[in-house]
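Working notes, structure below.
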Amino acid sequence: MSNDHNSGQTIQFELDGHQVEGRAGETIWQVAKRQGTEIPHLCYSPEPEYRPDGNCRACMVEIEGERVLAASCKRTPSVGMKVKSASQRAVAAQKMVMELLVADQPARETSHDPDSKFWHWAEKTGVTESRFPATERWHADTSHPAMRVNLDACIQCGLCVRACREVQVNDVIGMAYRSHGSKIVFDFDDPMGESTCVACGECVQACPTGALMPAVMLDDKQTRVTWPDRKVDSLCPYCGVGCQVTYEVKDEKVIYAEGRDGPANHNRLCVKGRFGFDYIHHPNRLTKPLVRLPGVKKDANDQVDPANPYTHFREASWEEALDLAAAGLKKIRDEKGAKALAGFGSAKGSNEEAYLFQKLVRTGFGSNNVDHCTRLCHASSVAALFEGLSSGAVSAPFSAAADAEVIWVIGANPTVNHPVAATFIKNAAKRGAKLYVMDPRRQSLSRHATQHLAFKPGSDVAMLNAMIHTIITEGLTDEQYIAGYTEGYDELKAKIQEFTPERMSPICGIPAETLREVARAYARAKSSIIFWGMGISQHVHGTDNARCLIALALITGQVGRPGTGLHPLRGQNNVQGASDAGLIPMFLPDYQPVGRDDMRGAFEKLWGQELDPVRGLTVVEIMNAIHAGEIHGMYVEGENPAMSDPDLQHARQALAKLDHLVVQDLFVTETAFHADVILPASAFAEKSGSFTNTDRRVQLAREVIKPPGDARQDLWIIQEIAKRMGLPWNYAGPGEVFTEMAQLMPSLKNITWERLVREGAVTYPVDDPDKPGNEIIFTTGFPTESGRGKIVPAKVIPPDELPDDEYPMVLSTGRVLEHWHTGSMTRRAQVLDQIEPEAVAFMTPKDMRKKGLAPGDFIRLETRRGAVEVKVRADRDVPENMVFMPFCYAEAAANLLTNPALDPFGKIPEFKFCAVRAEKIDIRTAAE
């Protein structure tokens, strides 16, 4: 979006009587700003920098020798040019523009935002009233839960159009009608709340007048009544993109979130990041410790009552709750052994919390039975990446899409799951990059794609192997790269012969010639990058899927250069950091195998005790071990396995069976409902710490407000449990913990806590304390023993459970834009839940017609593990014979249906594929 200011060429010209120097591509306005000269501007946004339009004419300047004035935001200087920004003629024009605009504005005292950029410049130019008659034409549009449209304040500057069309690339906002009736519209002049608006709020952030405003700031007259007491810079608590955010606070309550110019988002946010912050103020927040009432048994069939979530519990002091929590865990450890305990850490917490939690399990419990949600999202991706490249992290950031000629998005829906990252992919496609989207379901990104490959569910390996076959047999490989940087190519070349496009086409459902065309485009491009998501990883063949993607990159040399690489998009805000910090049963921090004596020794020396050399159990294995009577106690911090695990009834029965369960969370979640002790934790905005995004960028989050009531910091709670388990811990804060982490984690070399505080964000690896981090890695090889990337062939393996006569359809699960993970946060965010308030299942209209279904009808979805009753929604993006269901709704939990079959390498469940039957039910039956 920005002009190129770095080519080295300079232009000498005169500005207001002074010789100044302009950089190549700079406009007069930009040079003036650098020189400290203020020129009014309304239709141009320098921060973030949008393409200038020059249509408001508020920035007019006089250029000697020219008959007409020039818009300084558009005009670039030439050598010897003489510019006057404050001449009588220029100032008169600027004032006249402001007066004409003021004429159609509501009076400042009753305007929608009296502190807006517009009124700032009106005051600066000395024009706050107008001689011209006002025209009242528009009424407020209050149809959207998050935003208000007040066209009586609109000056038609076009910033909202550019924000929507060019930055976020949603193309919902445009100009319509002519002359006096021209106005901003949403889609076909629909009310905003009924349009295809995805509520990213970019238009609100861009609007200079208050014509577009966040609803939370306005009163019934759509006038701004809320101003912050203070602002705090921090991060977004949701997906792995790692957007930087400024939170506005009034009376110790967050009232608004606004994007910052962080390296991951450049001011952009999505609906969750901008409007999903108020879960922290929900009336059901835990503010005091709770312990289970005597004699109240746990029942896997019991569900949390949203109206009274504290049923079965009583309040307790922190001393009592911590003593009970630790005593129960300690008793099981001492009587039944270390391996009778397990812990689930959280990818929503900080790196420091994750590190301390796994250290507690390994040193206080005495085993490696520790895991977190990576096991349910990208475990198979990490398994394949470690096997092939000895690194589980992305090789390039998502912003590398800007340098790519070809972009693959496979098994991912970034516009829903990583909306801000998706904007950069859409920007690249608009620039001319070839975008190929591969997924059984179509998606909004598909309309920006060169081609969408809707392959048959579960046939990823067949499709990818056919492309590998094409590249090898047609001589499209990079032989020099293969010889210098890879191993295992000859085995792949031999085994790939059977996977011809003609043989694979009937399996994957993609024409053989299409498979060839896409493979050729990827291999022949100067730079190709692959983004993938849980559509790749959440299969019993998920590791094989990722092996294919790694092989494609290695045989073509599409890694280690700008615009190339492998990028598994991370789902939770700190799933990368939590994995790095050791919340994995087979790895110590920084993926150092627990069985390696040489690596384990450094931890034993610093931690002062011997560690178990045997890998622990994963999430699903822990649940199975509870049923087998091998695990009797658990400590769960910030995770919700009673909603996120597959075959939920099995998982909930396991939680109910435990002798002792300690849960640390913000709410009485479905998991906490089965606890013996519940410890009220701190929300994201209530803590400081480091978080690592999907780009390997370690960023600092700052405490915005204090936890409510008697809730405490997670770092403090973990330490208090540790002390009662016999560990002599006394960390003063996250800085001390990070310093210890850096001693044991090579990835954090040259990153200190002081540097994080100073810079806010550092990408690892870092070569020197004074150098920026390396965004692109594997430029000179791989961190394997041989220095080469290992190519591993993949077999075509079908899903574990195929449709049959009894269960004839395929069920796939995932997310919707407005909700995140198990919904424990977003379902308690007012705007988000108002937009998507109820559970639905998505089905193609063709299948709905076959079953006599209309949108809004209730259906019963049943698999071999359970059944749910839910409303159906028509969705043309869903392929025939498939049902897609979000897993965030407790009232219709999709994971009651999913298959717990595991990938043998990554130990990840097959969430993306199981056999299901769908039947229409009477609405009265469903209500009962």
Side-chain angles (χ1 to χ4, degrees), residues 196 411-413 415-416 437-447 452-460 462-463 505-511 534-535 538-539 646 798-817 819 836 838-889 891-899 910-926:
T196 56
N413 190 350
T415 49
V416 166
V437 178
M438 307 175 198
D439 197 277
R441 281 197 306 149
R442 292 184 67 84
Q443 54 183 276
S444 61
L445 200 61
S446 302
R447 67 186 176 95
H452 180 103
L453 277 64
F455 59 90
K456 293 179 181 178
S459 66
D460 317 55
M463 178 182 71
S505 178
I507 298 173
C508 68
I510 303 298
M534 287 173 276
Q538 290 178 335
H539 289 279
D800 178 74
E801 183 182 81
L802 295 172
D804 54 24
D805 291 341
E806 189 177 4
Y807 300 98
M809 301 184 77
V810 173
L811 173 69
S812 186
T813 65
R815 295 175 181 164
V816 289
L817 171 64
H819 291 301
E836 279 290 355
E838 60 184 352
V840 291
F842 298 82
M843 193 182 293
T844 184
K846 189 172 182 179
D847 282 342
M848 289 176 63
R849 286 193 296 271
K850 287 179 184 177
K851 296 180 178 296
L853 291 166
D857 283 350
F858 275 87
I859 57 172
R860 178 181 173 86
L861 295 175
E862 187 171 1
T863 69
R864 290 178 173 86
R865 288 152 296 280
V868 298
E869 294 173 351
V870 65
K871 280 186 179 180
V872 66
R873 180 181 295 177
D875 186 351
R876 287 182 172 83
D877 288 343
V878 177
E880 287 184 51
N881 207 48
M882 176 186 276
V883 181
F884 175 78
M885 194 172 177
F887 66 93
C888 60
Y889 294 95
E891 62 270 31
N895 282 328
L896 287 167
L897 310 175
T898 48
N899 188 359
E910 190 158 46
F911 288 113
K912 294 300 182 192
F913 195 111
C914 71
V916 66
R917 63 168 170 251
E919 299 173 346
K920 183 178 181 179
I921 59 173
D922 187 274
I923 191 168
R924 290 167 296 182
T925 305

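Note that the structure is a prediction, hence the values are computed from the model and not measured.
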Point to revise | Test log, rule side chain to side chain contact (heavy atoms under 4.5 Å, CB included), inputs Phe913 and Asp800 | key: CA-CA 8 Å; Phe913 195 111; Asp800 178 74; over 6 Å; no

Exercise for review: Could you grab the distance from atom CE of Met534 to atom NZ of Lys912, nearest 0.5 Å is fine?
Suggested key: 6.0 Å

**Study point:** Arg864/Asp804 salt bridge by N-O under 4.0 Å criterion
**Key:** yes

Practice item. Check the pair Asp922, Phe858 against side chain to side chain contact (heavy atoms under 4.5 Å, CB included), reporting the backbone distance first and the verdict last. Key: CA-CA 7 Å; Asp922 187 274; Phe858 275 87; over 6 Å; no

Point to revise | Heavy-atom pair of closest approach, residues Ser444 and Thr415 | key: OG-OG1, 2.8 Å

Check your understanding: How close do Cys914 and Glu801 get, heavy atom to heavy atom, and via which atoms?
Key -> CB-OE1, 3.4 Å

Review point. Taking all non-hydrogen atoms of both residues, which atom of Val437 and which atom of Ser446 are closest, and how far apart?
Key: CG1-OG, 4.1 Å

Check your understanding: So how far is it from Met809 CE to Met843 CE, rounded to the nearest 0.5 Å?
Key -> 4.5 Å

Check your understanding: When you measure from the side chain of Asp847 to the backbone N and O of Thr844, does any donor-acceptor pair fall under 3.5 Å?
Key -> no

**Study point:** Shortest non-hydrogen contact from Pro511 toward Ser505
**Key:** CA-OG, 3.6 Å

Revision key, fill the gap. To the nearest 0.5 Å, atom CD of Glu836 lies from atom CG of Leu817 at 8.5 Å

**Study point:** Donor-acceptor pair, side chain of Gln443 and main chain of Ala412, under 3.5 angstrom
**Key:** yes

Study note, to complete from the structure: Minimal heavy-atom distance between Leu861 and Ala918, with the atoms involved, is CD2-CB, 3.6 Å

Point to revise | Carboxylate-amine/guanidinium proximity below 4.0 Å for Arg917 and Glu862 | key: yes

Review point. Say you draw a straight line from CD of Glu838 to NZ of Lys871; how long is it, rounded to the nearest 0.5 Å?
Key: 3.5 Å

Review point. What is the minimum heavy-atom distance between Pro799 and Gly458, and which atoms define it?
Key: CG-CA, 4.0 Å

Point to revise | Non-hydrogen side-chain atoms of Pro440 and Met882 separated by less than 4.5 Å | key: yes

Check your understanding: Is the backbone of Ala841 close enough, under 3.5 Å, to the side chain of Arg873 for a donor and an acceptor to pair up by distance?
Key -> no

Exercise for review: Flag the pair Pro845 / Arg876 as yes when at least one side-chain heavy-atom distance between them is below 4.5 Å, and no otherwise.
Suggested key: yes

Check your understanding: Is the Phe842 ring parallel, tilted or perpendicular to the Phe884 ring (thresholds 30°, 60°)?
Key -> tilted

Point to revise | Residue pair Met885 / Val868, side-chain heavy-atom distance below 4.5 Å | key: yes

Review point. Could you give the distance from NZ (Lys456) to CE (Met463), rounded to the nearest 0.5 Å?
Key: 13.0 Å

Exercise for review: Walk me through it: do Asn413 and Arg441 pass the test side chain to side chain contact (heavy atoms under 4.5 Å, CB included)?
Suggested key: CA-CA 9 Å; Asn413 190 350; Arg441 281 197 306 149; 3.8 Å; yes

Point to revise | Audit row: Val883, Val878, side chain to side chain contact (heavy atoms under 4.5 Å, CB included) steps and yes/no | key: CA-CA 7 Å; Val883 181; Val878 177; over 6 Å; no

Review point. Got a second to check how far Glu919's CD is from Leu853's CG, nearest 0.5 Å?
Key: 10.5 Å

Review point. Is it true that a side-chain atom of Asn881 and a backbone atom of Val810 form a donor plus acceptor pair closer than 3.5 Å?
Key: no

**Study point:** Those residues that, when tested against Glu880, pass salt bridge (Lys or Arg N to Asp or Glu O under 4.0 Å) (two or more places apart)
**Key:** Lys846, Lys850

Review point. Are the side chain of His819 and the backbone N or O of Arg815 linked by a donor-acceptor pair below 3.5 Å?
Key: no

Review point. Thr898 and Asn895: side chain to side chain donor-acceptor pair (under 3.5 Å), yes or no, with the steps?
Key: CA-CA 5 Å; Thr898 48; Asn895 282 328; 2.9 Å; yes

